[in-house]
Amino acid sequence: MLHTKVVRHFFLWIMVLFLGTLCAGNAYAKSSEVLTAAAADDPFVEKQSYLAQIHANQAWDVTTGNAGLTIAIVDTGVDLNHPDLQPNLVDGVNLIDPNLPPQDDNGHGTNVAGVVGAVGNNDKGVAGILWQTKIMPIKALESDGSGGEAKLGEGIRYAIDHGAKIVVLSLGLNKYSTYMSDIVRYAEERNVLLVAATGNEGNRVKYPAAYPTVLAVGGMDSNLTADERSNSGSEIDLVAPWDVFTTARGGSYELKDGTSMAAPQVAAVAALAWSRHPDLNVAQLRQLLKQTAQDLSTAGWDRTTGYGLLRADRALTETPRSDMYEPNNRKDQAKSISVSKMNSAAFAGGSDQDWFYLDAPYDGVVHLNFHIPSGQTVTVQHTNVHGTFTNVTAKPGQPTALQVSKGRSHVQLQLSNRSVESEVRYQLTTSFDIYRDQMEDNDRQYKASVLPSRSQTIKGTFHQMNDEDWFELPVQISGSLRIRLSSDTARIDPVLFVQKQGERSYSVDDGGDGAAETMQLSEVFPGSYYIRVSNVKQYALPVEGEYTLVIDYDAKQIDPNEPNNRSYQATAISLNSPYSGLFDKQSDTDWFQFEVPQESVVQLSLSEIPANIAMQMSLYDSSMRPVTNASGGKQVELNERLPAGTHYVKLTAAQPFDRHLYQFTVSAKPLTAGYSDVQGHWAESSIMLMSRQRIIDGYADYTFRPDQTITRAEATVILSRAFQLKQQKNVDYTDLPADHWAFAHIARASQSGIVGGYPDQSFAPDQPVSRMEMITMFARSMNKPGQVRGDPPFTDVDNDYWGVSVLRQMKAEGWIGGYADGTFRPDRQASRAEFVTMLARMKM
């Protein structure tokens, strides 16, 4: 079956001479640099537009080959008699039929081989990126391009055990396997580079490209953007040109495309770079190719193009850096890394901070696994997309788990031993586990999640081994039922199972990887219908992806709240509880009433509105005076700050409907000092005090976010208000324009000597404030220069620490205290609550 096979990446068969010349013309037109470097004399080299795009000619000024290195091509074999390949071929193996040589009976492997190492400057055909090399053909795929995973793994092992240093894998699977993961680890331990294509389906990166230590290569079109068919995601590393002109079976040449043709470009450039830097290990070689890639979209890594376009010239002329991410010592300098890949970097010493950000594709857990010299640990400070801060210590070889929400998280890394003076190199391998969906635990029929008897859409995940999700749909009124199960990744091959209790079951698995499954039951009768959602059995491991279950239940409904057509008939509802209704005639109106016990931010949500239906929601106070209204389709919401008391809501629809029920919910967040998130917080009294004095304010959504880290701009504004700073000098920070919301306050605080900028003339207004920086700001505000002598006041601060004198004075005068263990943790980021509490203590 398809999901048990390794399938080659198919590419379009196009007229060779016409489109080959056209692609060459497009590529040269897009090039922004003048090519004045070495060039091969092969007759068809003008058709090889990709050579100009990756600047191979300039690389050839340095070297044109690596005759001492063997590159294995695990594929359909190679045309062993091709005159443009034969001089560079070495013995290989045929794993499909061991009695035969690895002769290509498909053509794919020969295409790949030509990109890698067609003999250059020989007045024949095309030029490979490597003019001289050793190509080891390994036939592991059948004549139709498919093959078993076992043969693929066997081919990689054969290559490693017979001296190959680079293995090209222009093939892929949607399935993760421990078997293949072990093969990949085997290669890494023996310092062998694996280079693989991401795939051509416009979906997620395929395996083996998706494993952390495999160099995953996507495809770039002639417009210097990722080809829309190129697979992408968390695991992509680089892109290379999608279109190539290369060797073909029977001694001929042809135009080919796909990530299958991009991957060998990266492998060949890696071989050139290894000849230039033979002392690099395989991890350092990968990092060099990332370091020298050309950004195509956002700076640094992104999910579409990885680190960017392969650049052969840079890979041979730039010096490998121990840390390609520097400068990244501050949050505003944070560099992007993937949630599922291995990266190499370095700490310049104990005081060096490395800032990174990760864009999580879903809610879940990111694991950080450090490979670092023995005895060293790393302090990890993590701030998620909502501003929540955590601080953990990571030990080498022991994964550190960080809870993340979909979106951008920041991590600050620093050696726990701050006294280290020498450079410390490290490898950081990240991995991602998707969230456990809200319906769990429902892995058995008797644990089935009971659904409301209506049409609905459910999103779920397969977050654990052999995960399957059961649902029970109680049907109360006869009707029809249509169920559709889809996924957002080809790593899921969804299987849909439906059974009415006590009756025959039905199962649907008609499509392949990533294809949706649909079941139509034209008649359903009262009773319980069980629905099971699962991944195909061969895909038992957890998956980074979501499925969507759409249940379309068509039945004549009954409004449970009628009669409520007048305000005096309004249905009394409880906060945070959903209520359903419908409009069975044009004149129908639904009234509801609710009580707010104290001043609150109230959210009124109207959802599950049928398609093509517009509804209006009108809010009234206890005297039936209009407050506000909103209208729309699919979903309508109102958010209002309301006083304590009774309030009314009137719902109307533009036209009647009786086959679906809308859902109406009212929720309320009590306000304390105008904020919905400080009641019961340990800093509540300080926040209330400072709010009454108009020194602090919150956000537009009536939150204060007390546990969120405070930024330099926020802290400066609060101090400027608290001390009523008036004088203002002109400031010229490079990252603080005059229209910045905090500009005037920062200028006043700079005039007063409370804050200052950095040596590079920046202010970094969005940089988090550490506890030591917070105390320094307060000390300067109170004119306390730190002249008290004595021993360090806290166990984690010594006499060489830059802020020890200020800490001595502030501790001696009772302004600050530490933690119960005697530490102060000066480098930990300060929260908004901590800052306001300190200020309140000073102002009392």
Side-chain angles (χ1 to χ4, degrees), residues 328-335 353-360 366 368 378-394 400 402-414 675-678 681-684 686-687 690-691 695-701 703-722 735-736 740-742 745-746 749 754-755 757-758 762-778 796 803 816 818-819 823-840:
N328 63 335
N329 302 320
R330 303 197 311 252
K331 184 178 181 181
D332 61 335
Q333 298 173 329
K335 298 302 191 296
Q353 298 180 3
D354 284 357
W355 279 86
F356 298 100
Y357 66 83
L358 308 105
D359 289 321
V366 172
L368 309 183
V378 178
T379 299
V380 180
Q381 296 192 20
H382 171 234
T383 307
N384 73 11
V385 68
H386 304 298
T388 303
F389 171 82
T390 55
N391 186 89
V392 293
T393 299
T400 297
L402 303 177
Q403 291 286 339
V404 296
S405 300
K406 181 179 180 179
R408 182 160 297 179
S409 292
H410 284 81
V411 290
Q412 175 196 322
L413 310 179
Q414 191 169 13
Y675 308 120
S676 63
D677 58 349
V678 302
H681 193 276
W682 63 267
E684 177 182 350
S686 297
I687 294 171
M690 294 297 96
S691 183
I695 292 174
I696 62 172
D697 49 29
Y699 296 90
D701 60 356
T703 62
F704 183 74
R705 306 176 196 175
D707 297 320
Q708 182 171 299
T709 56
I710 192 166
T711 66
R712 285 168 54 81
E714 291 173 330
T716 305
V717 169
I718 291 173
L719 289 174
S720 173
R721 291 172 179 169
D735 55 352
L736 191 73
H740 190 278
W741 67 273
H745 292 285
I746 292 172
I754 295 175
V755 297
Y758 290 95
S762 67
F763 185 78
D766 298 324
Q767 175 84 355
V769 175
S770 70
R771 284 168 54 82
M772 185 66 246
E773 290 173 323
M774 174 180 71
I775 299 307
T776 302
M777 288 180 179
F778 283 121
D796 57 346
I816 61 174
Y819 292 90
T823 64
F824 186 73
R825 307 173 196 174
D827 297 327
R828 182 169 181 170
Q829 296 172 8
S831 68
R832 288 166 57 83
E834 288 176 315
F835 196 90
V836 171
T837 300
M838 183 70 190
L839 179 62

When you look at Glu714 and Val769, which way does the side chain to side chain contact (heavy atoms under 4.5 Å, CB included) test go after all the steps? CA-CA 9 Å; Glu714 291 173 330; Val769 175; over 6 Å; no
Phe763 and Asp735 have their tightest heavy-atom pair at N-OD1, 2.7 Å
Are any side-chain N or O atoms of Gln767 and backbone N or O atoms of Lys331, one a donor and one an acceptor, separated by less than 3.5 Å?
yes
Side-chain donor/acceptor of Arg771 to backbone N/O of Phe824, under 3.5 Å: yes
In short, Lys335 meets Gln333 closest at the heavy-atom pair NZ-O, 3.1 Å
The reported gap from CD in Gln381 to CD in Gln353 (rounded to nearest 0.5 angstrom) is 7.5 Å
Correct closest heavy-atom pair for Ala713 and Trp741 would be CB-CZ2, 3.8 Å
When rounded to the nearest 0.5 Å, the distance separating CE of Met690 from OG1 of Thr837 is 9.5 Å
Discussion item. Does His745 form a side chain to side chain contact (heavy atoms under 4.5 Å, CB included) with Arg721? I'd like the steps, not just the answer.
Written reply: CA-CA 8 Å; His745 292 285; Arg721 291 172 179 169; 4.0 Å; yes
- Look at the side chain of Thr776 and the backbone N and O of Met772, then say whether any donor-acceptor pair between them is shorter than 3.5 Å. yes
Sorted by chain and residue number, the salt bridge (charged side-chain N to carboxylate O under 4.0 Å, His left out) partners of Arg712 (sequence neighbours excluded) come out as none
Taking His681 for the side chain and Ala683 for the main chain, is one N or O donor matched with an acceptor at less than 3.5 Å? yes
*Is a side-chain N or O of Asp354 found less than 3.5 angstrom from the main chain of Leu413, in a donor-acceptor match?*
no
In this structure, CG of Leu839 is separated from CE of Met774 (nearest 0.5 Å) by 10.5 Å
Value for OG1 (Thr379) from CD (Gln414), rounded to nearest 0.5 Å, stands at 7.0 Å
Smallest heavy-atom separation, Trp682 atom then Ala833 atom, equals CZ2-CB, 3.8 Å
Could you go step by step and tell me if Phe835 and Leu719 meet the side chain to side chain contact (heavy atoms under 4.5 Å, CB included) rule?
CA-CA 10 Å; Phe835 196 90; Leu719 289 174; 3.8 Å; yes
Does any non-hydrogen side-chain atom of Ile687 lie less than 4.5 Å from one of Pro706? yes
Note: Ile696 and Ser691 closest approach over all heavy atoms is CG1-N, 3.7 Å
Here the pair of heavy atoms bringing Pro768 nearest to Trp355 is CG-CH2, 4.0 Å
task: Please step through side chain to side chain contact (heavy atoms under 4.5 Å, CB included) for the pair Ile710 and Ile718, ending with a clear verdict.
output: CA-CA 11 Å; Ile710 192 166; Ile718 291 173; 4.1 Å; yes
- Query: Is it true that a side-chain atom of Ser762 and a backbone atom of Tyr758 form a donor plus acceptor pair closer than 3.5 Å?
  - Reply: no
Taken to the nearest 0.5 Å, the spacing of Ile746 CD1 from Ile754 CD1 works out to 12.5 Å
Leu368 and Val366, any side-chain heavy atoms less than 4.5 Å apart:
yes
Is any side-chain heavy atom of Asn391 less than 4.5 Å from a side-chain heavy atom of Gln829?
no
d(Lys406 NZ, Asp359 CG) to nearest 0.5 Å is 11.0 Å
Between Asp677 (side chain) and Arg705 (backbone), is there a donor-acceptor pair under 3.5 Å? yes
Does Val404 offer a backbone N or O that forms a donor-acceptor pair with the side chain of Asn384 under 3.5 Å? no
Checklist entry - Would you say Val755 and Met777 make side-chain contact, with heavy atoms under 4.5 Å? => result yes
Note to self: Using side-chain heavy atoms (C-beta onward) and a distance below 4.5 Å, is Asp707 in contact with Phe389?
What the structure shows: no
